[in-house]
Student: 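Okay, handing you the structure first.
One-based numbering, in listed order, for ligands and for the atoms of each. Since this is a predicted model, take the numbers as computed values, not measurements.
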Amino acid sequence: MPAAQSARASATKTDDTLLREVVEGLSQVHKQLPSKYFYDSAGSRYFDEICQLEEYYPYRTELAMLPGIADDLSHLIRDQRDVVEFGAGSLVKIRLLLQHLPQIKRLLPIDIAGDHLREAAAELRREFEHLEIVPIVADFTRQVELPDRNKVKKLGFFPGSTIGNFTPLQAVAFLDRARRSLGAGALLLIGVDTKKAPEILHRAYNDKLGVTAKFNRNILTHINREAGGDFDEDKFDHYAFYNPTQGRIEMHLISREQQVVTVEDYQFAFSKGENIHTENSHKYTPEEFLTLAAEAGWRGVRKWLDDEELFCVHLLQAGG
Ligand code: AVI
């Protein structure tokens with residue numbers, strides 16, 4: 001099963017935080033909701049389904065690239081390293097690296113969803129008996145203290161182009177924190193979705209089966225449950241498009257009618273056609289991404305693109 005991996009980065013910490021962030025987002029002139037709230041258990045299942053869709057190329061493209069990349073890494077990385085996966089989820093992609101990198105003796109997977117992470121780690125232990133696995137239950141978007149930071153060098157792993165769900169400013173901040181967490185001499189292997197023909201992007205976020213639409217609307221049901229809301233999913237349409245000026249897919253929910261929605265003690269009025277901005281998914285040319293990474297103190301060592309240049313995996317080294 002593919003993982004609803006890293007994107008569940010900083011899912012619900014406390015209901016208070018969720019309520020505060022939801023109220024803040026819906027109080028803006030242009031209403032918005034944090035995309036991390038897609039990932040309750042139904043949302044994680046929808047995301048797993050998205051990864052299996054014919055139209056959603058990022059997951060399968062990166063997955064197909066990883067064995068070759070791992071093979072190259074086995075020549076590039078000679079020293080012993082801990083691997084640190086950010087937003088590890090079900091630990092699906094890491095297997096493809098571990099199979100080719102026997103010099104990796106320890107894995108530090110970071111994820112906010114503790115039970116899920118511990119189960120996935122137990123399963124992985126059965127497959128890779130030589131491997132020490134130390135699950136770290138934490139919000140990887142914050143600074144995370146890693147064991148033996150300056151004793152054993154680290155290889156960070158951040159697949160899936162989850163970096164694209166941050167704004168460019170947030171992406172630089174994340175990359176900067178990751179560099180400091182990983183310590184001196186760190187490497188980071190990171191998957192980044194590329195800029196491409198808008199039709200390909202449009203299809204990927206407007207699939208025929210309507211799974212992405214369900215995924216998008218489910219954020220409302222999640223909010224109803226966790227923050228005492230009364231959203232009716234059926235009164236909102238999924239709308240996703242590529243914004244070439246910003247270089248990103250934007251996902252929105254559009255109110256089908258004039259309505260008032262209650263969340264706890266707060267009321268939010270929607271006019272017919274009004275939108276809630278639920279997600280950005282930024283796309284970067286390899287050059288644009290390397291410029292961004294450089295701002296956070298990383299330099300590019302090597303990059304891998306698939307034949308159709310749909311997806312790029314970068315190997316970065318700490319210290320510009
Ligand atoms: C998790 N993240 C990289 C996905 C993306 O493509 O931005 C989330 C997603 N949203 C709609 N489909 C998939």
Student: If only side-chain N and O atoms count, and only distance matters, is there a donor-acceptor pair under 3.5 Å linking His252 with Asn275?
Tutor: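 Yes, His252 and Asn275 have a side-chain donor paired with an acceptor closer than 3.5 Å.
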Student: Does Tyr205 reach ligand 1 with a nitrogen or oxygen that is under 3.5 Å from one of the ligand's nitrogen or oxygen atoms?
Tutor: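 Yes: some nitrogen or oxygen of Tyr205 is under 3.5 Å from one in ligand 1.
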Student: Which residues pass the side-chain contact (heavy atoms from CB on, under 4.5 Å) test with Thr61, sequence neighbours left out?
Tutor: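 Tyr57, Met65, Asp306, Leu310, Phe311.
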Student: Is any NZ, NE, NH1 or NH2 atom of the basic residue among Arg45 and Asp48 found under 4.0 Å from an Asp or Glu carboxylate oxygen of the other?
Tutor: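 Looking at Asp48 together with Arg45, the answer is no, because their closest N to O distance does not fall below 4.0 Å.
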Student: Looking at ligand 1, does any of its N/O atoms fall within less than 3.5 Å of an N/O of Thr162?
Tutor: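 Thr162 vs ligand 1: no N/O contact under 3.5 Å.
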Student: State, with a plain yes or no, whether a side-chain heavy atom of Thr278 is found less than 4.5 Å away from one of Phe236.
Tutor: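 Side chain of Thr278 against side chain of Phe236, heavy atoms only: no contact under 4.5 Å found.
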Student: Evaluate Thr212 for polar contact with ligand 1, using N/O atom pairs at a separation under 3.5 Å.
Tutor: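 Between Thr212 and ligand 1 (N or O atoms, distance only) the closest approach is not under 3.5 Å.
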Student: Pull out every atom of ligand 1 sitting under 4.0 Å from any heavy atom of Gly160, numbered as shown with elements.
Tutor: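 Near Gly160, meaning under 4.0 Å from one of its heavy atoms, ligand 1 has 3 (C).
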Student: Test your reading of the structure: does Glu279 have an N or O sitting under 3.5 Å from an N or O of ligand 1?
Tutor: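 Yes, since at least one N or O of Glu279 sits under 3.5 Å from an N or O of ligand 1.
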Student: Validate the cation-pi geometry between Lys31 and Phe268: distance from NZ or CZ to the six-membered ring centre under 6.0 Å, angle to the ring axis within 45°.
Tutor: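 Output no; distance or angle outside limits.
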Student: State which residues pass ring-ring contact (aromatic ring centres under 6.0 Å, His included) with His314; sequence neighbours excluded, sorted by chain then number.
Tutor: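 Expected list: Phe289.
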Student: Judged on heavy-atom distance to atom 4 (C) of ligand 1, which of Tyr39, Tyr46, Tyr56 sits nearest?
Tutor: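 Heavy atom nearest to atom 4 (C) of ligand 1 belongs to Tyr56.
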Student: Hey, is Tyr59 touching ligand 1 through its side chain, its backbone, both or neither, going by heavy atoms under 4.0 Å?
Tutor: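 No part of Tyr59 is near ligand 1 at this cut-off.
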Student: Using heavy atoms and a threshold below 4.0 Å, how should the contact between Asn165 and ligand 1 be classified: side chain, backbone, both, or neither?
Tutor: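 The side chain, only.
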Student: For atom NE2 of His30, is the number of surrounding heavy atoms from other residues, nucleotides or ligands below 6.0 Å larger than 12?
Tutor: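 Not more than 12 within 6.0 Å, no.
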Student: Would you mind listing which atoms of ligand 1 come within a distance below 4.0 Å of any non-hydrogen atom of Ser281?
Tutor: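 Near Ser281, the atoms of ligand 1 are 5 (C), 6 (O), 7 (O).
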Student: Give yes or no for whether the N/O distance cutoff of 3.5 Å, strictly under, is met between Ser161 and ligand 1.
Tutor: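 In fact, backbone or side chain, Ser161 has no N or O that close.
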Student: Can you tell me which portion of Phe215 lies within the under-4.0 Å heavy-atom range of ligand 1? Options are side chain, backbone, both, or neither.
Tutor: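 It is the side chain that touches ligand 1; the backbone stays farther off.
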Student: Given Phe86, which partner from the list Phe157, Phe166, Phe174 fulfils the ring-ring contact (aromatic ring centres under 6.0 Å, His included) test?
Tutor: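 Of all the options given, the one that passes is Phe174.
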